[in-house]
Amino acid sequence: MKILVIPDSFKGTLSSREAGSIIRETILAEHPDYDVLAVEVADGGEGTVDAVLRGRKGERIRVEVSGPYQEPLKAEYAWFSEDNSAVIEMASCAGLPLVKGRMNPRLTTTYGVGQLVKDAINRGINNIFIGLGGSCTTDGGCGYAAALGTRFFNEKGEEFVPTGETLKDICRIEPARCDASITAVCDVNNPLYGLLGASYVFARQKGADDADIAYLDEGLRHLAEVVRRDLSIDMAETPGAGAAGGLGYGLMAFTNARVKKGIDMILDIINYEKLIKDCDIIITGEGRLDFQSFHGKVIDGIIRRSQGKRVILVVGSRDEETRKGHEVYSTMDNGRVFPHDHKEAVDNLKAAVKEIAF
């Protein structure tokens with residue numbers, strides 16, 4: 001029996017690498033004669049750089065950039081000399097873990113993301129992928145654009161770097177040229193603003209209250225209006241524009257980026273089709289199985305590209321409706337609970353795997 005284990009992270013408890021290792025070891029303890037391979041994946045969020053570097057030979061480049069509140073920090077990205085490409089995680093300098101206890105999407109910036117891109121361009125790297133998961137920002141990508149030379153002016157003609165708080169103050173934009181090929185890697189299809197946009201859907205988890213959400217949405221609308229007027233670009237409704245607090249929009253509007261699903265990029269890099277060629281079973285999973293799991297997440301990509309192989313889902317919690325039509329084993333079944341601490345996560349995952357009928 002040949003099995004490929006390729007789960008997403010169980011957010012808050014287990015990384016993709018940990019979950020894969022636990023599933024593999026649990027299977028081999030029961031079936032030592034099985035051939036089980038565990039592979040780490042990500043969908044553009046935290047862990048993407050680690051995942052691509054484990055799936056393909058590359059180099060880590062470490063740079064000092066601005067953090068969410070413009071404080072200096074060290075961030076890194078992956079460089080692949082074979083095709084002179086780079087993979088950047090926006091979360092490395094504008095991610096939620098960096099603002100624990102001080103979340104405020106009105107004030108946080110994506111400036112550091114632009115600095116990482118600028119560093120790559122200055123090194124002659126011309127093909128850049130930017131993962132958009134796990135952001136703490138809602139600045140529409142203005143910080144990113146400013147770091148790359150785009151200039152924003154208020155009504156007094158003063159240049160400034162907009163954040164969510166000051167998007168409404170933008171009166172004029174002077175764009176900068178970007179010669180690199182930029183790809184926005186994300187797992188959402190949200191527009192920039194509106195009830196399905198960056199603020200209303202994602203800002204609350206970044207620390208926004210109802211008043212903040214409405215305020216930030218108005219700022220994003222204003223940004224789109226000025227961009228339409230000054231740059232003759234209308235990308236606000238493009239799927240993915242609302243990713244990472246509107247950074248998806250900023251990438252498209254200011255650096256002509258294209259959008260690609262994060263899991264597809266990872267699966268391409270690790271040669272997924274080759275990995276599953278001789279497999280009997282594919283095991284994947286994540287912390288919460290719901291309707292979003294089948295719209296651009298890791299599970300979606302794994303199933304969509306499984307070539308008819310048997311796919312087993314091992315998850316934390318699950319929505320009963322989304323379970324229909326899939327083989328699902330949950331760490332919450334049989335009296336187990338989720339969320340939980342790390343030891344409970346490990347024990348419950350092992351228990352769920354032991355219930356699989358091979």
Listed by chain and number, what are the side-chain hydrogen bond (donor to acceptor under 3.5 Å, both in side chains) partners of N127, not counting sequence neighbours?
none
Under the salt bridge (Lys or Arg N to Asp or Glu O under 4.0 Å) rule, collect the residues that match up with D234, sequence neighbours excluded.
R228
Could you list all the salt bridge (charged side-chain N to carboxylate O under 4.0 Å, His left out) pairs where at least one residue sits in residues 307-316, not counting sequence neighbours?
R310-E327
What residues, two or more places apart in sequence or in another chain, satisfy side-chain hydrogen bond (donor to acceptor under 3.5 Å, both in side chains) together with S306?
none
pair T108-Y69: side-chain heavy atoms closer than 4.5 Å
yes
Less than 4.0 angstrom from a charged side-chain N to a carboxylate O is my criterion; do R56 and E82 meet it?
yes
Is there a side-chain contact between I3 and L37 (heavy atoms, below 4.5 Å)?
no
Please say yes or no: joined through hydrophobic side-chain contacts below 4.5 Å, possibly via intermediate residues, are Y329 and M1 part of one cluster?
yes
Which residues pass the salt bridge (Lys or Arg N to Asp or Glu O under 4.0 Å) test with D33, sequence neighbours left out?
none
Spacing of H222 atom NE2 and D169 atom CG [to the nearest 0.5 Å]:
7.5 Å
Would you say the side chain of Q307 lies within less than 4.5 Å of the side chain of I276, judging by non-hydrogen atoms?
yes
Within-4.5 Å side-chain heavy-atom neighbours: L73 and S92
no
List in chain and number order the residues that pass side-chain hydrogen bond (donor to acceptor under 3.5 Å, both in side chains) with E159, two or more places apart in sequence or in another chain; answer none if no residue qualifies.
R151
With clusters defined by side-chain heavy atoms of hydrophobic residues (ILVMFWY) lying less than 4.5 Å apart, directly or transitively, does I266 cluster with L4?
yes
Mind checking ring pair (Phe, Tyr, Trp, His ring centres under 6.0 Å) for F152 and listing every partner two or more places apart, or none if nothing turns up?
F254
Considering residues at least two apart in sequence or located in another chain, which fulfil the salt bridge (Lys or Arg N to Asp or Glu O under 4.0 Å) criterion with D8?
none
Does either side chain, that of E158 or that of N154, offer a donor lying less than 3.5 Å from an acceptor on the other one?
yes
Side-chain polar contacts of residues 209-216 - donor-acceptor pairs under 3.5 angstrom, sequence neighbours left out - could you list them?
{"residue": "D209", "atom": "OD1", "partner": "A211", "partner atom": "N", "Å": "3.1"}
{"residue": "D209", "atom": "OD1", "partner": "D212", "partner atom": "N", "Å": "2.8"}
{"residue": "D210", "atom": "OD1", "partner": "R204", "partner atom": "NH1", "Å": "3.2"}
{"residue": "D210", "atom": "OD1", "partner": "R204", "partner atom": "NH2", "Å": "2.5"}
{"residue": "D212", "atom": "OD1", "partner": "R106", "partner atom": "NE", "Å": "2.7"}
{"residue": "D212", "atom": "OD1", "partner": "R106", "partner atom": "NH2", "Å": "3.2"}
{"residue": "D212", "atom": "OD2", "partner": "D209", "partner atom": "N", "Å": "3.1"}
{"residue": "Y215", "atom": "OH", "partner": "E165", "partner atom": "O", "Å": "2.7"}

If you measure only the distance, is there a donor-acceptor pair under 3.5 Å linking the side chains of E30 and T26?
no
Any pair counted as salt bridge (charged side-chain N to carboxylate O under 4.0 Å, His left out), so long as it reaches residues 13-24, sequence neighbours left out
none
Under the ring pair (Phe, Tyr, Trp, His ring centres under 6.0 Å) rule, collect the residues that match up with F358, sequence neighbours excluded.
H31, Y34
Which residues pass the salt bridge (Lys or Arg N to Asp or Glu O under 4.0 Å) test with D264, not counting sequence neighbours?
R304, R305
Under 3.5 Å: donor-acceptor pair, side chain of K2, backbone of I281
no
